[in-house]
Undergrad: 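Would you mind keeping the following structure in view while I ask a few things?
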Amino acid sequence: MDAATITAPTVLILLGPPGAGKGTQARMLEDKFGLVQLSTGDLLREAVAAGTEAGKAAKAVMEAGDLVSDGIVIAILRDRMAETDCARGVILDGFPRTTVQAEALDGLLAATNQKIDAAISLEVEDAEMVTRISGRYTCAGCGEGFHDTFKQPAEDGKCDNCGHTEFKRRADDNAETVASRLTAYHAQTAPLIDYYQAQGVLKGIDAMGQIDDIAQDLHGLVSGVMN
């Protein structure tokens with residue numbers, strides 16, 4: 001792929017419920033295409049720590065116990081996307097979450113002669129997501145991930161990576177909570193699916209297979225978008 005053929009930084013949006021593999025696939029896209037994954041949660045924390053104008057505004061709101069406004073999030077996103085490491089493009093993870101945010105993002109991109117190149121929906125089955133997430137646990141020593149069904153330690157009760165014998169689970173990684181999160185995700189994201197479908201940039205990827213197979217399909221799609 002010749003960088004000279006890319007007239008503007010690529011902007012990708014990853015959509016998918018908890019456990020669909022967005023983080024894993026985003027990191028693989030970063031390595032493959034030189035893109036930068038941007039998570040709004042991380043951006044907020046970084047902006048607050050750096051003391052930027054938008055970060056100061058976000059800090060004041062959060063200290064007051066209020067939700068950070070879309071305007072502040074957009075300002076933080078604008079500042080981050082202007083940094084040199086984003087010159088090739090970005091992967092937005094966790095933003096936008098609503099059509100109002102999607103419209104604000106369109107405005108931000110239009111101001112810099114950019115656009116959404118693809119909104120990629122990682123398509124999964126809810127029942128499988130409940131199984132995937134509710135079975136997760138990690139080594140308390142090194143953080144290595146395991147699963148009740150898919151990845152148990154080779155030696156029962158002992159981490160394969162560091163030999164630690166204590167493990168932990170997230171309190172919200174249980175079937176009831178996961179099912180509730182999935183319901184909320186679908187209610188929240190359905191309008192975004194329609195929004196990006198109407199724009200002609202919605203792409204679907206079957207995310208029920210092996211990680212490397214999903215990555216191959218995703219890389220083919222992104223390669224086509226960037227060319």
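It should be emphasised that the depicted structure is a prediction, and the values quoted were computed from it without experimental measurement.
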Undergrad: Which pair of heavy atoms, one from Lys22 and one from Leu14, lies closest together, and at what distance?
TA: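 Shortest heavy-atom contact: O-CD1, 3.6 Å.
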Undergrad: For the side chain of Arg88 and the backbone of Phe33, is there at least one donor-acceptor N/O pair under 3.5 Å apart?
TA: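 Such a contact is found between Arg88 side chain and Phe33 backbone.
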Undergrad: Any side-chain heavy atom of Ile133 within less than 4.5 Å of one from Pro18?
TA: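 Side-chain contact under 4.5 Å: yes.
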Undergrad: How many angstroms lie between CD1 in Ile116 and CG in Leu202, if you round to the nearest 0.5 Å?
TA: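 Between atom CD1 of Ile116 and atom CG of Leu202 there are 12.0 Å.
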Undergrad: Among Val90, Leu105, Asp117, which residue meets the side-chain contact (heavy atoms from CB on, under 4.5 Å) test with Ile13?
TA: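 Of the listed options, the one satisfying the test is Leu105.
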Undergrad: In Å, rounded to the nearest 0.5 Å, how long is the span from NZ of Lys32 to CG of Leu35?
TA: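 Atom-to-atom, Lys32:NZ and Leu35:CG are 12.0 Å apart.
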Undergrad: Which heavy-atom pair separates Ala207 from Arg132 by the least distance, and what is that distance?
TA: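 Looking at all heavy atoms of both residues, the closest pair is O-NH2, 3.3 Å.
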Undergrad: State plainly whether the residues Asp126 and Arg181 are in salt-bridge range, i.e. N to O under 4.0 Å.
TA: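 Result for this pair is no, no salt bridge flagged.
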Undergrad: Hey, any chance Leu92 and Leu12 share a hydrophobic cluster, counting ILVMFWY side chains that come within less than 4.5 Å of each other, even indirectly?
TA: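 Each belongs to a different hydrophobic cluster.
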Undergrad: Rounded to the nearest 0.5 Å, how far apart are CD of Gln101 and CG of Leu77?
TA: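 Here the interatomic distance stands at 10.5 Å.
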Undergrad: A quick test of your reading: do over 12 heavy atoms of other residues, nucleotides or ligands sit less than 6.0 Å from CD of Glu125?
TA: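 Not more than 12 within 6.0 Å, no.
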Undergrad: Are Glu53 and Lys56 within salt-bridge range, i.e. N to O under 4.0 Å?
TA: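 Yes, charged N to carboxylate O under 4.0 Å.
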Undergrad: Any idea which heavy atoms bring Leu182 and Met129 closest together, and the distance?
TA: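 Shortest heavy-atom contact: CD1-CB, 3.9 Å.
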Undergrad: Hey, which of Lys158, Arg136, Lys168, Lys151 is the one that makes salt bridge (Lys or Arg N to Asp or Glu O under 4.0 Å) with Glu144?
TA: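 Single salt bridge (Lys or Arg N to Asp or Glu O under 4.0 Å) partner of Glu144 among Lys158, Arg136, Lys168, Lys151: Lys151.
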Undergrad: More than 12 foreign heavy atoms under 6.0 Å from CD of Glu123: is that the case here?
TA: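 Yes.
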Undergrad: How far does OG of Ser121 sit from CD of Gln197, to the nearest 0.5 angstrom?
TA: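 One finds 10.0 Å between OG of Ser121 and CD of Gln197.
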Undergrad: Is a side-chain donor or acceptor of His186 paired with a backbone partner of Pro17 at a separation under 3.5 angstrom?
TA: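 Checked: no pair found.
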Undergrad: Do you reckon Ile120 sits in the same ILVMFWY cluster as Tyr195, going by side-chain contacts under 4.5 Å, direct or chained?
TA: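 No, because Ile120 and Tyr195 fall into different hydrophobic clusters, even though each may have its own neighbours under 4.5 Å.
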Undergrad: Decide side chain to side chain contact (heavy atoms under 4.5 Å, CB included) for Thr112 and Met81; before the verdict, give the C-alpha distance in whole Å, the side-chain angles of both, and the deciding distance to 0.1 Å.
TA: CA-CA 10 Å; Thr112 53; Met81 290 177 67; over 6 Å; no
Undergrad: Find the distance between OG1 (Thr10) and CG (Leu29) and round it off to the nearest 0.5 Å.
TA: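 Going from the OG1 atom of Thr10 to the CG atom of Leu29 covers 11.0 Å.
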Undergrad: Could you tell me whether a side-chain N or O of Tyr185 sits under 3.5 Å from a main-chain N or O of Gly16, the two making a donor and an acceptor?
TA: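 Side chain of Tyr185 to backbone of Gly16: a pair is present.
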Undergrad: Is there a path of hydrophobic side-chain contacts, each under 4.5 Å between heavy atoms, that joins Val48 and Leu38?
TA: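 As far as the 4.5 Å side-chain criterion goes, Leu38 and Val48 are connected within one cluster.
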Undergrad: Given the rule that I, L, V, M, F, W and Y join up when any side-chain heavy atoms are under 4.5 Å apart, are Val36 and Leu44 in one cluster?
TA: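 Yes, Val36 and Leu44 fall within the same hydrophobic cluster.
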Undergrad: Could you report the tightest heavy-atom contact between Ala175 and Ser134, atom names first, then the distance?
TA: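 Answer, listing the atom of Ala175 first, then Ser134: N-CB, 3.7 Å.
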Undergrad: Just so I know, are the side chains of Asp217 and Asp213 near enough to count as touching, which here means a heavy-atom distance under 4.5 Å?
TA: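 Sidechains of Asp213 and Asp217: no contact.
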Undergrad: Hey, mind stepping through Gln25 and Ile205 against side chain to side chain contact (heavy atoms under 4.5 Å, CB included) and telling me if it holds?
TA: CA-CA 11 Å; Gln25 294 299 333; Ile205 288 286; over 6 Å; no
Undergrad: Treating Ile, Leu, Val, Met, Phe, Trp and Tyr as nodes and any side-chain heavy-atom pair under 4.5 angstrom as an edge, say whether Met208 and Val178 lie in one connected cluster.
TA: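 Same hydrophobic cluster.
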Undergrad: Starting from Phe167 and following side-chain heavy-atom contacts under 4.5 Å between hydrophobic residues (I, L, V, M, F, W, Y), which residues can be reached?
TA: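 Tyr137, Phe146, which link up through side-chain heavy atoms under 4.5 Å apart, make up the rest of the cluster.
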Undergrad: Do the non-hydrogen side-chain atoms of Cys86 and Arg80 ever get within less than 4.5 Å of each other?
TA: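 SC-SC contact between Cys86 and Arg80 confirmed.
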Undergrad: More than 12 foreign heavy atoms under 6.0 Å from CD of Glu83: is that the case here?
TA: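 Yes, CD of Glu83 has more than 12 neighbouring heavy atoms, counting only those of other groups under 6.0 Å.
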Undergrad: Considering non-hydrogen atoms only, spot the tightest contact between Ile76 and Ala58 and give its length.
TA: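 What the structure gives for the nearest pair is CD1-CB, 4.2 Å.
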Undergrad: Just do the salt bridge (Lys or Arg N to Asp or Glu O under 4.0 Å) check on Asp148 and Arg169 with the steps written out, would you?
TA: CA-CA 11 Å; Asp148 292 332; Arg169 296 177 188 268; 2.7 Å; yes
Undergrad: Would Val201 and Lys115 satisfy side chain to side chain contact (heavy atoms under 4.5 Å, CB included), going step by step from the backbone distance to the final call?
TA: CA-CA 10 Å; Val201 296; Lys115 61 181 177 60; over 6 Å; no
Undergrad: If you take all heavy atoms of Pro96 and Leu192, which pair is closest and at what distance?
TA: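 That closest heavy-atom pairing would be O-CD1, 3.2 Å.
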Undergrad: Working to the nearest 0.5 Å, report the span between CE of Met28 and CD1 of Ile214.
TA: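 Taking CE in Met28 and CD1 in Ile214, the distance rounds to 9.0 Å.
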